There are 2 protein chains.
Amino acid sequence: MQPNMRCMPRDHTGHEVLAVVLQVRDAGLSVLLWRRARPPYEGAWALPGGALGDTEGLGPSVRRQLAQKVDVRELSHLEQLETRGDPDRVPGRRVLATAYLGLIPADADPGLPGDTAWHPAGRLPEMAFDHAGIVAAGRHRLRNKLSYTNLGYALAPPEFTMSELSGLYRAALGYDVSATNLQRVLVRRGQIEPTGAAAAPGRSGGRPAARFRFRTRRLEVTDAFAVLRPPAPAGLEEREKA
Amino acid sequence: MQPNMRCMPRDHTGHEVLAVVLQVRDAGLSVLLWRRARPPYEGAWALPGGALGDTEGLGPSVRRQLAQKVDVRELSHLEQLETRGDPDRVPGRRVLATAYLGLIPADADPGLPGDTAWHPAGRLPEMAFDHAGIVAAGRHRLRNKLSYTNLGYALAPPEFTMSELSGLYRAALGYDVSATNLQRVLVRRGQIEPTGAAAAPGRSGGRPAARFRFRTRRLEVTDAFAVLRPPAPAGLEEREKA
DNA sequence: GGCAGTTTTCGACTGTCAGGCGAAAACTGA
DNA sequence: TCAGTTTTCGCCTGACAGTCGAAAACTGCC
């Protein structure tokens with residue numbers, strides 16, 4: 001199309017990174033947004049992020065930008081989402097955006113700057129640029145990965161009861177999840193295990209719940225859900241050890 | 001396409017698009033590569049792609065670049081894979097690359113330019129830059145999506161027998177897939193249906209196979225495989241109509 | 001202390017679906 | 001007609017999700 005256009009010195013296309021940071025806050029899925037004080041989209045809400053540094057990797061850049069909004073040490077998970085390159089996604093100039101999905105456990109409550117706040121991911125305020133669509137992509141990714149990976153660890157505190165975990169899944173998935181089934185499924189898959197200690201009995205009585213933890217806090221995919229799975233690779237008992 | 005050294009000044013970071021184009025060719029999964037004639041990585045093989053135009057969307061750019069290698073009308077599927085931004089993934093200058101996954105049905109045999117050829121995706125030749133990793137990501141994505149979507153349509157010709165389809169899945173997944181089970185699963189999910197016509201009986205005898213087709217040739221996800229699925233949404237019979 | 005209320009835990013039952021096996025069907029070539 | 005080949009169909013099994021109900025374990029009130 002334009003063989004030499006790539007050498008044009010000016011009007012280069014910029015590149016920015018954005019982050020969809022999600023956390024379950026009081027029984028709902030929330031996303032971290034900041035309010036734009038200047039045009040374009042003055043007063044609208046935007047995802048945290050900013051321009052990619054000249055010698056900076058994408059992942060490190062997200063972490064750096066995010067550090068201006070929250071304590072990044074709270075981040076339990078970070079993965080690349082998608083890159084948007086619509087020529088006019090930003091009015092005036094060409095900016096590509098690579099979006100990341102970040103998760104924060106429900107027990108964390110990082111302090112925020114004045115222009116930044118949590119918003120329910122289901123009912124977004126007026127959003128700048130194409131950020132509403134990016135949030136939707138992030139929610140989608142989270143929903144899917146909760147089903148076939150152990151990503152729940154990224155939403156949950158180090159220890160939890162099944163009721164609490166069920167509440168987290170409910171908030172993230174958008175529908176009720178039976179604590180009974182959730183426990184059976186996650187234990188069978190080896191994702192969670194009881195800690196042994198029982199939780200403090202509830203505020204209004206009731207049998208004290210057992211506490212659980214995720215066995216590993218790094219992403220692992222449940223390959224047992226490949227629909228046409230490979231023939232069982234002989235050994236059966238090493239699955240327990242792995 | 002190849003890094004143009006005249007543009008070397010490290011003013012801004014450039015952006016290119018790449019495509020992992022996969023096709024099942026004689027019982028194996030193959031990827032489209034071209035051979036670099038100039039340094040860096042002279043003689044090594046690279047993914048098709050090139051610099052993003054200044055006013056060009058990402059998807060259109062991949063299609064444009066790909067048109068120089070194959071007949072893009074053969075492309076049955078195209079989706080974004082990931083963006084690589086390692087500061088030194090390309091020696092000398094900063095180039096971000098957004099990779100796409102493209103699929104071509106097994107019955108197509110597009111003509112190729114002289115520097116371009118199909119290679120077995122399992123045993124790659126010496127690859128330029130980080131392209132080997134990108135091919136691996138593409139194979140991974142294909143394997144996963146074959147399990148929980150109807151993406152098989154993108155590998156298969158308009159009509160096929162179950163033996164042929166089983167061979168395609170075997171090539172893409174890397175392990176044997178029983179034609180019996182595959183038929184039952186895909187029919188139950190409503191992905192494929194018999195065309196009615198029977199295939200020409202085999203070259204060496206045998207019962208003539210029934211021919212099948214995919215009901216739709218657009219991507220649809222098999223939501224029934226969400227592990228913790230939402231409560232059944234009442235109506236049961238409209239699933240048949242959908 | 002006993003009893004009602006509450007919450008969690010456990011076991012049993014059902015229905016769906018994938019995987020495997022073998023018999024029957026349908027064709028070719030000798 | 002018969003052996004060989006390939007596909008198709010039906011049956012069985014085993015895994016697993018979803019539901020329900022009973023039992024367990026606690027609080028608070030009488």
Side-chain angles (χ1 to χ4, degrees), chain A residues 146-148 159-167 169-170 173 175-212 222-234 236 239-240, chain B residues 146-148 152 159-167 169-170 173 175-212 222-234 236-237 239-240:
Chain A
L146 276 183
S147 284
Y148 63 91
E159 291 196 5
F160 46 85
T161 69
M162 287 316 298
S163 297
E164 291 164 3
L165 192 63
S166 157
Y169 273 70
R170 177 194 150 69
L173 293 173
Y175 50 81
D176 277 333
V177 173
S178 139
T180 299
N181 286 338
L182 188 63
Q183 172 176 348
R184 193 164 28 123
V185 170
L186 296 189
V187 166
R188 179 169 41 211
R189 293 187 184 169
Q191 287 187 22
I192 63 173
E193 63 189 357
T195 68
R203 35 256 148 241
S204 67
R207 173 172 176 169
R211 299 184 74 81
F212 289 80
T222 305
D223 54 299
F225 267 87
V227 175
L228 305 153
R229 18 180 178 280
L236 296 167
R239 220 185 109 195
E240 188 52 38
Chain B
L146 277 183
S147 284
Y148 64 89
E159 290 196 5
F160 46 84
T161 68
M162 287 317 298
S163 297
E164 291 164 3
L165 191 64
S166 156
Y169 273 70
R170 177 194 151 70
L173 293 173
Y175 51 81
D176 277 332
V177 174
S178 141
T180 299
N181 286 337
L182 188 63
Q183 171 177 348
R184 192 160 29 118
V185 169
L186 296 190
V187 167
R188 177 169 41 212
R189 293 187 184 170
Q191 288 186 22
I192 64 174
E193 63 188 358
T195 68
R203 35 259 146 236
S204 68
R207 171 172 176 168
R211 298 185 74 80
F212 289 81
T222 306
D223 53 299
F225 266 86
V227 176
L228 306 152
R229 19 179 179 281
L236 297 168
E237 47 273 64
R239 222 185 106 195
E240 188 52 40

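Lettering of chains follows the sequences in order, A, B, ..., and the numbering in each one begins at 1. Because the structure is a prediction, the values reported are computed rather than measured.
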Separation of C/dT9 atom P from A/Leu186 atom CG, nearest Å, is 14 Å
A/Asn181 CG to C/dT8 P, in whole Å, measures 15 Å
In whole angstroms, the gap separating P of C/dG20 from CG of B/Leu182 amounts to 13 Å
Smallest heavy-atom separation, A/Arg170 atom then A/Asp176 atom, equals NH1-OD1, 2.6 Å
Would a distance-only check, ignoring hydrogens and angles, find a side-chain to backbone donor-acceptor pair under 3.5 Å from A/Gln183 to A/Thr180? no
Atom CG of A/Asp176 and atom P of D/dG18 are separated, to the nearest Å, by 12 Å
Residue pair B/Thr161 / B/Leu165, side-chain heavy-atom distance below 4.5 Å: no
Assert: residue with more 5' nearest nucleotide on DNA chain D, out of B/Arg184 and B/Met162, is B/Met162
Correct closest heavy-atom pair for B/Arg211 and B/Glu159 would be NE-OE1, 2.9 Å
_Phosphate OP1/OP2 of C/dT8 contacted by A/Gln183 side-chain N/O (<4.0 Å)_ = no
Quick one: is D/dT7 close enough that its OP1 or OP2 comes under 4.0 Å of any side-chain N or O from B/Ser163? yes
Rounded to whole Å, the CZ-C1' distance (B/Arg211 to D/dT6) equals 15 Å
